[in-house]
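Bear in mind the structure is a predicted one, so any value in this text is a computation, not a measurement.
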Amino acid sequence: MPAPSQQRSFQQGSILLEGLIAILIFSIGILAIVGLHASAIKTVADAQYRLEASLYAERIVSLMWADVPNISTYTYPGGSAAALTPWLANIGTLPGVNVQGNLNAPTITVAGSAANGWTVTVNIFWQAPGATANEGRHNFRSVSYISARQ
């Protein structure tokens, strides 16, 4: 049986080793929390852009509801409705959108007739800030039915 002084020498440095292991585990936990925080920020930003896109889509559809006799002029690209110009300026505030340069420009299609009503499809595209081309663009699509009767 070893003497008490020999037993102590076998255990010297174990507290230091336990402390280093505890610091390592704590550091890994902190890094995980930082990673989750970054992911949450990205998700919140994407939700904000999707909310803005849905707001813009609903805004143009409501303008079309109010201007049913001229509904065919809202088709974009190529539409001539006066309400399109300020609406396109608002769309340009989404990240990665340049309407004049046709980069992630929105599209509006109007199908139907005065007899049966119209189906309006609004597609709004954007690309998150700092996103690469491989990450692709995001989009929001709204399909609405506008009745000919008012």
Side-chain angles (χ1 to χ4, degrees), residues 11-150:
Q11 294 181 0
Q12 286 181 345
S14 65
I15 293 177
L16 179 63
L17 185 61
E18 289 173 359
L20 289 174
I21 290 171
I23 290 172
L24 176 68
I25 292 171
F26 181 74
S27 299
I28 290 171
I30 293 296
L31 287 174
I33 289 172
V34 168
L36 285 173
H37 184 67
S39 175
I41 288 173
K42 182 178 178 183
T43 302
V44 167
D46 185 45
Q48 175 189 353
Y49 301 138
R50 189 165 301 282
L51 176 66
E52 288 179 27
S54 70
L55 185 84
Y56 296 143
E58 294 306 315
R59 183 177 297 163
I60 196 67
V61 169
S62 67
L63 291 171
M64 294 166 105
W65 268 100
D67 193 18
V68 170
N70 300 315
I71 196 165
S72 62
T73 62
Y74 284 87
T75 301
Y76 189 82
S80 61
L84 280 176
T85 303
W87 182 77
L88 290 170
N90 287 334
I91 293 291
T93 63
L94 284 171
V97 177
N98 182 348
V99 176
Q100 286 77 24
N102 204 23
L103 178 66
N104 292 326
T107 61
I108 301 173
T109 57
V110 178
S113 66
N116 299 320
W118 295 271
T119 301
V120 176
T121 304
V122 180
N123 292 301
I124 299 176
F125 307 98
W126 71 94
Q127 190 162 0
T132 63
N134 293 336
E135 291 176 335
R137 64 182 182 174
H138 299 271
N139 70 310
F140 177 83
R141 174 178 287 178
S142 172
V143 179
S144 302
Y145 176 75
I146 298 178
S147 172
R149 297 181 190 102
Q150 292 191 359

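Note on residues 53-62: pairs passing side-chain hydrogen bond (donor to acceptor under 3.5 Å, both in side chains), not counting sequence neighbours, are Tyr56-Thr93, Glu58-Ser142.
The minimum heavy-atom distance between Phe125 and Ala105, with the atom names listed, is CD1-O, 3.3 Å. Closest approach of Gly117 and Tyr145 over heavy atoms only: CA-OH, 3.6 Å. Pairing each heavy atom of Trp118 with each of Gly112, the nearest pair is CD1-C, 3.7 Å.
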Sequence neighbours excluded and cut-off under 3.5 Å, please list the side-chain donor-acceptor pairs for residues 27-47, or say none.
residue, atom, partner, partner atom, Å
Ser27, OG, Ile23, O, 2.8
Thr43, OG1, Ser39, O, 3.0

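Here the straight-line distance linking atom CG of Leu94 with atom CD of Gln48 works out to 9.5 Å at 0.5 Å rounding. Tyr74 contributes atom OH, which lies 9.5 Å from atom CD1 of Ile146 (distance to the nearest 0.5 angstrom). Thr85 OG1 to Asn90 CG: the interatomic distance, rounded to the nearest 0.5 Å, is 11.5 Å. Note that the CZ atom of Arg50 and the CG atom of Leu55 stand 14.5 Å from one another [nearest 0.5 Å].
Contact check for Ile60 versus Tyr76: no side-chain heavy atoms found under the 4.5 Å cut-off.
Considering Val97, Ile91, Asn104 in turn, Val97 is the only one that fulfils the side-chain contact (heavy atoms from CB on, under 4.5 Å) rule with Trp126. Checking each of Thr121, Val122, Ile124 against Arg141 for a side-chain contact (heavy atoms from CB on, under 4.5 Å) leaves exactly one that passes, namely Thr121.
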